[in-house]
Each structure stands twice: as structure tokens, then as C-alpha cells.
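A quick write-up on the structure given underneath.
Both ligands and their constituent atoms are indexed starting at 1 by order of listing. Note that the structure is predicted; figures quoted are calculated from it, not measured. If you read the sequence from its start, that first residue is 1, and numbering goes on from there.
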Amino acid sequence: MIDYLIVGSGLAGIAFTENALQNHKSIAVFDNHSQNSSSIAGGLYNPVILKRFSEVWKSQEQIDLVNHFYANLEVKLKNKFDYKIPIFRKFYSVEEQNNWFVASDKPNLAPFLATKINYNRYNGIHSPFGFGKVMQSGYVDTASLLKEYQKYLIKNNLFNAETFEYDQLIIQSDSIIYKGNEYKNVIFAEGFGVHDNPFFSQLPLDGTKGELLIIKAPSLDLDVIIKSSVFILPLGNDLFKVGATYNWEDKSATPTEQGKQELITNLKSMLTIDFEIIEHLAGVRPTVKDRRPMVGTHPKYKNLHVLNGLGTRGVMLAPAMAKVLFEHIEHKIPLEKEIDIKRFKKINWD
Ligand SMILES: Cc1cc2nc3c(=O)[nH]c(=O)nc-3n(C[C@H](O)[C@H](O)[C@H](O)COP(=O)(O)OP(=O)(O)OC[C@H]3O[C@@H](n4cnc5c(N)ncnc54)[C@H](O)[C@@H]3O)c2cc1C
């Protein structure tokens, strides 16, 4: 009997797989590359909501896990994924500067917000009111992490590049049979793809489409991530990732002219130099209206579990949510109400 069948190898699936492997569990992973949110993501992790200067839910706890989780993966896969560079929030007024000072004085935000205004001059960016520096921030090169992790799974015979067929699942009292193999548990980590999952499609996963650009700007000289109406993330070799848009209507992962124009307009309002568009990407974030992850066990089938709803913050949330789900399954540690799918009381699970 195999301990875990894991559907999805995006950030959620990888984080759960790692928890299982580190605890010496046997696993099999299925992924059909139908969703691309994790691979195209900006990959930023940022403990502060920079619109309102407020703390992200459980930020310090999550950041501590981020440091540990991605560092372990770097060692395991002999590759660099986690780039610890500060995010610089561009200010537009003296009032914004003042709000920043007030926020940086609060005990929960003080570890993340530098108290000094930064007047660094970056060629190509006009910022007379300077920048606020966010500490303990950075980005994960998610595309390369996903690629390397898949290689590792393939090498160890743990990966199935297949569509998981829900109707092939045979649910028994203490185990699951799928295509002739017996598993103790199934973890569904399909991102927006959960809509095709008959066991969990009732969950209120909205989905928010996002688009990004990769630009080339040889005269832009940045060693930090700039956050304004969009973020600009230096990738090296004069390339920068720029994003992202938020579209609540369109649920396709196709890049659109409208998304591109929105990004270009925002970018032009920030940059005083020319740039060339190299790539245009789009994906659907697995967002939930109450902005909390969706974690838990199926109310009727105790061996079916879900790890989803990582929304706009998969990089920070995946390690923490995978850990609590694993501990919930293995050690019966109750899930917090805010993340448990039981909070959706109106769902009819029959
Ligand atoms: C434009 C954009 C920018 C973003 N920027 C950031 C950012 O800067 N920082 C951040 O933290 N987050 C960011 N996000 C959000 C982040 O990408 C998500 O929170 C995260 O990737 C969700 O991971 P996931 O594993 O739950 O889902 P996904 O990445 O969607 O992974 C689900 C996986 O399941 C597989 N799958 C689905 N159904 C099946 C099936 N039936 N059979 C087999 N396989 C299946 C899919 O192929 C996929 O690989 C961004 C998202 C977008 C779209």
C-alpha cells in the first residue's frame, strides 16, 4: 500500500510531497500540466500588504517556514531557487511616507518595514518621494523549482505525467484503489483545476486571472524588486518580470491584448526608459472570497483531502499549509477554523 497519491505538482503539491517524503512516507504524484499558476507566478514573498501597509496573515510564522523549506529544496536539488532581495515600495506623496512611518512603528510590522526612507537613484525610475524597504522579502524562481522537482520525481519513479481520472477512483473503507494500486490517502492539489474534481468542485474557489510580462531593458539598473502599480523584478541579463493584472471575469489562462496594454500603461508610468517585450504569460490564481486557503478532509470520505486556495500568495502559504494538512492526517492535529473546508457550512457534500 502506498501512503499518498498526490494530484498536482504545483507549489501546493510539491510542498505536500516534501512533507510526506521527509517523514518517510511512500508517494505517487500525478500531474497533466493543465494549470500553470505556479510555473508562471511572480514568485514574490512579501510579509506586508503594501496597499494598506498591514501585515499578511501569520506572516512571521510563514516567512520562517519559507526560509527553511526553500533552503532545504536548494540543497536537495542542488539548485538556487530562493533570491532574498528586498522589495522597495515606491512612494507617491509625503502622506504615504508618513503612513509608512506609522506602520513601521507597530510591533507586528517593525521586523519587516525599514524605518528610513530610501532615496536610492535607479536609472530609469523617477521617484522623488523615495522608497520604503520591505525586509525579509524576496522571490522564488518557481519555474525552475517546478522543473527541477519534476526531474527529481521522475528520476525516483514517483511521477506520472497523466491526467488523474476521478471516475477511476475506488473508495474503500480504509484505502483507495486507483488503476490497480492501493493508496492510504489522496491529496488533491489541483489549483484552479479543482473545478473538474467531483469530490471537491463544490468548494467556492473563484480564480483570479493574472498576466505578466518579461521585458528587456538594458538601461534599467535594479538590484531590488520595485513595487508600485505593478512590480518589477530583476531576473539578470537585462531581463525583468513585470506584473501582475487581476481579472475576476475571464477564467482562461490565455494572454490577452487588454492585459498586455494594462501592464504596458502601468510600466510606462513608472519607467523613463525604453523596454522591449520578450514574453507575455497568463495563469489563474486559485483565489477564495474569504482570502484563506482551503485545506481539509472530505466530510464523507476520510481518505480524500484537499490542499488549495493559496490565492495570490502560494510561495508563502504552500509550505505552511502542506505542513498543517500532513500533521492533521498523520497526527489528528485539528486544523484552524479559518483554513478548514468545514467553514463552508452550506455545501451539500452528497
Ligand atoms: C500572474 C500570476 C502571478 C502570481 N504571482 C505570485 C507571486 O508573486 N507570489 C506568490 O506567492 N504567488 C503568486 N501567484 C499565485 C501562485 O501562483 C499560486 O498561489 C500557486 O501557484 C498555487 O499553487 P497550486 O499548486 O495550488 O496550483 P497550481 O500551480 O495551479 O498547480 C496545480 C497543479 O495540478 C495539476 N492538475 C490539475 N488537475 C489535474 C488532474 N486532473 N490531473 C493531473 N494534474 C492536475 C496542474 O497541472 C498543476 O500542475 C501568482 C499567480 C499568477 C497567475
Can you tell me if Glu162 has a non-hydrogen atom under 4.0 Å from ligand 1? yes
Write out the residue and atom name of the closest protein heavy atom to atom 22 (C) of ligand 1, then the distance separating them to 0.1 Å. Pro286 CG, 3.7 Å
If you scan protein heavy atoms around atom 5 (N) of ligand 1, the nearest is Gly42 N, 3.1 Å
Of the side chain and backbone of Ser39, name the one, both, or neither that has a heavy atom under 4.0 Å from an atom of ligand 1. neither
I'd like to know if Asp350 and Lys300 make a salt bridge, using a cut-off of under 4.0 Å between side-chain N and carboxylate O. yes
For atom 48 (C) of ligand 1, the protein heavy atom that lies nearest, with its residue and separation: Asp31 OD2, 3.4 Å
Shortest protein contact, atom 29 (O) of ligand 1 (heavy atom only): Ser38 OG, 2.5 Å
Heavy-atom contacts with Ala189 under 4.0 Å: which atoms of ligand 1 show up? List them by number with element. 32 (C), 33 (C), 34 (O)
Does any N or O of ligand 1 fall below 3.5 Å from an N or O anywhere on Phe231, backbone included? no
Whether Lys179 and Glu165 form a salt bridge (side-chain N of Lys/Arg under 4.0 Å from carboxylate O of Asp/Glu) is what I want to check. yes
Polar contacts were defined as any N/O atom of the residue lying under 3.5 Å from an N/O atom of the ligand; does this apply to Ala12 and ligand 1? yes
Going by the 4.0 angstrom heavy-atom rule, the piece of Leu212 near ligand 1 is side chain
Using a 4.0 Å heavy-atom cut-off, which part of Gln35 comes near ligand 1: side chain, backbone, both, or neither? both
Does even one non-hydrogen atom of Asp196 get within less than 4.0 Å of ligand 1? no
My understanding is that we take every heavy atom of each candidate and find the minimum distance to atom 9 (N) of ligand 1. Doing that for Val29, Leu44, Val140, which one comes out nearest? Leu44
Would you kindly check if the NZ (Lys) or CZ (Arg) of Arg285 is within the cone defined by 45 degrees around the ring axis of Tyr246 and under 6.0 Å from the six-membered ring centre? yes
Quick test: of every protein heavy atom, which one is nearest to atom 7 (C) of ligand 1, and how far off is it to 0.1 Å? Gly43 N, 3.3 Å
Carboxylate-amine/guanidinium contact Asp82 Lys84, below 4.0 Å: yes
Quiz question: by atom type and distance under 3.5 Å, do the side chains of Gln60 and Glu55 form a donor-acceptor pair? no
Closest heavy-atom approach to atom 52 (C) of ligand 1 among Glu190, Arg285, Gln150 is made by Arg285
When only distance counts, is Gly13 in polar contact with ligand 1, meaning an N/O pair under 3.5 Å? no
Taking the six-membered ring for Trp, are the ring centroids of Phe164 and Phe188 within less than 6.0 Å of each other? yes
Do you see a donor-acceptor pair shorter than 3.5 Å between the side chains of Tyr183 and Asn303? no
Decide if the gap between the ring center of Phe81 and the ring center of Tyr70 is smaller than 6.0 angstrom. no
Based purely on interatomic distance, does Ser37 place a nitrogen or oxygen under 3.5 Å from a nitrogen or oxygen of ligand 1? yes
For Gly210, counting its heavy atoms only, list the atoms of ligand 1 lying under 4.0 Å from any of them. 1 (C)
for atom 39 (C) of ligand 1, nearest protein heavy atom and its distance come out as Asn32 OD1, 3.6 Å
is_close_aromatic(Phe131, Phe88), centroid dist under 6.0 Å: yes
A cation-pi test, strictly: NZ or CZ of Lys147 under 6.0 Å from the centre of the six-membered ring of Tyr149 and no more than 45 degrees from its axis. Yes or no? no
Parallel, tilted or perpendicular, judged at 30° and 60°: which one describes the rings of His33 and Phe159? tilted
Heavy-atom contact under 4.0 Å between Gly243 and ligand 1? no
Does a side-chain heavy-atom distance below 4.5 Å link Thr245 with Leu263? yes
Taking N or O atoms only and a 3.5 Å limit, does Leu307 qualify as a polar contact for ligand 1? no
Please list the nearest protein heavy atom to atom 34 (O) of ligand 1 with its residue and the distance rounded to 0.1 Å. Gly8 CA, 3.2 Å
Can a non-hydrogen atom of Tyr166 be found less than 4.0 Å from any atom of ligand 1? yes
Which one of Met316, Gln62, Arg291 satisfies the side chain to side chain contact (heavy atoms under 4.5 Å, CB included) criterion with Trp57? Gln62
Ranked by distance from atom 12 (N) of ligand 1, the top protein heavy atom is Thr312 O, 3.1 Å
Between Asp206 and Lys289, is the closest basic N to carboxylate O distance under 4.0 Å? yes
Using a heavy-atom cut-off of under 4.0 Å, does the side chain or the backbone of Lys209 touch ligand 1, or both, or neither? neither
